[in-house]
2 protein chains.
Amino acid sequence: MTSTPLSRSEAKDLTRRRLIRAAFAILDEEGEAGLTTVKVSKAAGIAQSSFYVHFKDRQELLRALGEQAGERLRGAMREARHRAREVPGDKERHREAFRIPLEAICRHPALFRLGLRARHDPSSPLQEFAVETAAAYRAHLVADLASFGFPTERESDRRRLEMIADGIGALTNAMAIGHIDGRYPDLEEAVDVLVAFSYGYLRLLRKDSSAWSGNPPSTPSDAPPAEVCPEPGESSKKGNL
Amino acid sequence: MTSTPLSRSEAKDLTRRRLIRAAFAILDEEGEAGLTTVKVSKAAGIAQSSFYVHFKDRQELLRALGEQAGERLRGAMREARHRAREVPGDKERHREAFRIPLEAICRHPALFRLGLRARHDPSSPLQEFAVETAAAYRAHLVADLASFGFPTERESDRRRLEMIADGIGALTNAMAIGHIDGRYPDLEEAVDVLVAFSYGYLRLLRKDSSAWSGNPPSTPSDAPPAEVCPEPGESSKKGNL
DNA sequence: CGATTCACCGATAGTACTATCGGTGAAAAA
DNA sequence: TTTTTCACCGATAGTACTATCGGTGAATCG
């Protein structure tokens, strides 16, 4: 029991953090439909009406959740980039480029799931942000792949690169979900599979250009696959069909 | 205007179909949160209270949506399997094996999105079914891959096969979404990318066994990637983190 | 110390939804 | 034709949620 009496502002901040923590938990367990001021407040141990001391309305809570998720994601990306630079040896660096985003995802499984869900949910205020984050991740992978000799002259080259980046992200997400769900307990096996798939698109490089040795982009690592954040406001309906 | 007066039961059936059609549209536009008896009934052109003439409650509507989605999915799978058998030539059959599920998905984009969303949404009554359908699709791909010489003796072999199947599904989904969203307008380019990735895991086959010629499982086609259906009741919460 | 601030409380107005009920008229059965 | 059935209607009870308001006491300030 560390009972420093806490100043008023410290106490308020603590309560706010409790609210956000509770909100993440509910979001993860029940999805966005379950995220009511009643439940969040109760879970945080305050009266429902006191919710409005900390947030203007329900939307502002969601915005806060988004910002926090984005912050954590960027932190994980930074760290991943840093780590990838320090790995010795081509082959091991190749593996590391796939292992790092996997680990980054598995460090925040709830956050990851949240982003994955929001990305396909037009009712989620986090959808727009999740979609944009996914696009940003693809763009980063594209830059990495291009810097390793994949052709980018023609429009079709660039589109193909975009598709490959998309595929790498999807594969990484699938392996991460499998690991989180307990179906693939050994993360190294997941890395094996990602490496195996990677030899597929690397063939394209060998065929088109020739100045290359056999390992992949130094840091496809960079962003944990595109899943996590928000920063909503309005979810842009996307109409299909 | 074709005005056969319609018998009573025909009229009722028509109304029911209108309700289901409206429900799918709302689900696709607003997600599950927007699926209320008020909106569905209004969109179908009947009074809210009349909703209960056709469905016992809201859950029963969701169950019906699930059954219908499942039916369509199974139909698409059957057709895909049938088509794949009739393609001549190894290389073209290889491409077809990837093209068929892509086309099956793109024929029902709303359904596909719905399944993709439900799969990650614990609040969705369709989650359990979506997850099970995904697992069934993986199992099918695993059987196909095994029949083409991938080793399955050891537990780790089987797990690796499962992971590869998972990856193929994820890649197919990613390409399909990209196409539906308009980012990859040419479906043949998407097939190109899937084929490119496939050379990655096919290396494993060439290495381990040797009796093989260079084209992939005849029908990874089989199920359009694991996305579509429901058949809920209760969504089994999956707790992670 | 006395005055002020403010995080929190309970109560409640207002809104949106689910589900039920009795009534109605046209189709179907007799 | 007469009777019965039933798909649909409007009204409404009941529930769950959002957001506001005035009150309270402890921390903070003068």
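Each chain gets a letter, A, B and so on, in the order its sequence line appears, and its residues count up from 1.
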So that I can tick it off, tell me whether [Y] and [X] are bridged by a salt bridge, with the cut-off set at under 4.0 angstrom between side-chain N and carboxylate O.
{"X": "B/D181", "Y": "B/R113", "answer": "yes"}
{"X": "B/R117", "Y": "B/E32", "answer": "no"}
{"X": "A/E189", "Y": "B/R160", "answer": "no"}

Mind checking if B/R58 touches a base, just sugar-phosphate, or nothing, with heavy atoms under 4.0 Å?
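If one applies the 4.0 Å heavy-atom cut-off, B/R58 turns out to touch the sugar-phosphate alone, with no base involved.
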What does A/T36 touch in the nucleic acid at a heavy-atom separation under 4.0 angstrom: a base, only the sugar-phosphate, or nothing?
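Sugar-phosphate contact only - A/T36 comes under 4.0 Å of backbone atoms but never of a base.
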For DNA chain C, whose closest nucleotide is more 5', that of A/K12 or that of B/S50?
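Nearer the 5' end of the strand: A/K12.
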Cut-off 3.5 Å, side chains only: do A/Q48 and A/T37 have a donor facing an acceptor?
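Distance-only check passes for A/Q48 and A/T37.
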Identify which one of A/L161, A/T133, A/D166, A/I168 satisfies the side chain to side chain contact (heavy atoms under 4.5 Å, CB included) criterion when paired with A/R138.
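One option only clears the test, and that one is A/D166.
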For chain A and DNA chain C, what are the first and last nucleotides along the strand, 5' to 3', with at least one atom under 4.0 angstrom from a heavy atom of the protein chain?
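On DNA chain C, the outermost contacted nucleotides are C/dT5 to C/dA11.
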Lys/Arg cation over aromatic B/F24: B/R72, 6.0 Å, 45° cone
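Yes, cation above the ring, under 6.0 Å and within 45°.
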How do B/Q48 and B/A11 order along DNA chain D: which one's closest nucleotide is nearer the 5' end?
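Of the two residues, B/A11 wins.
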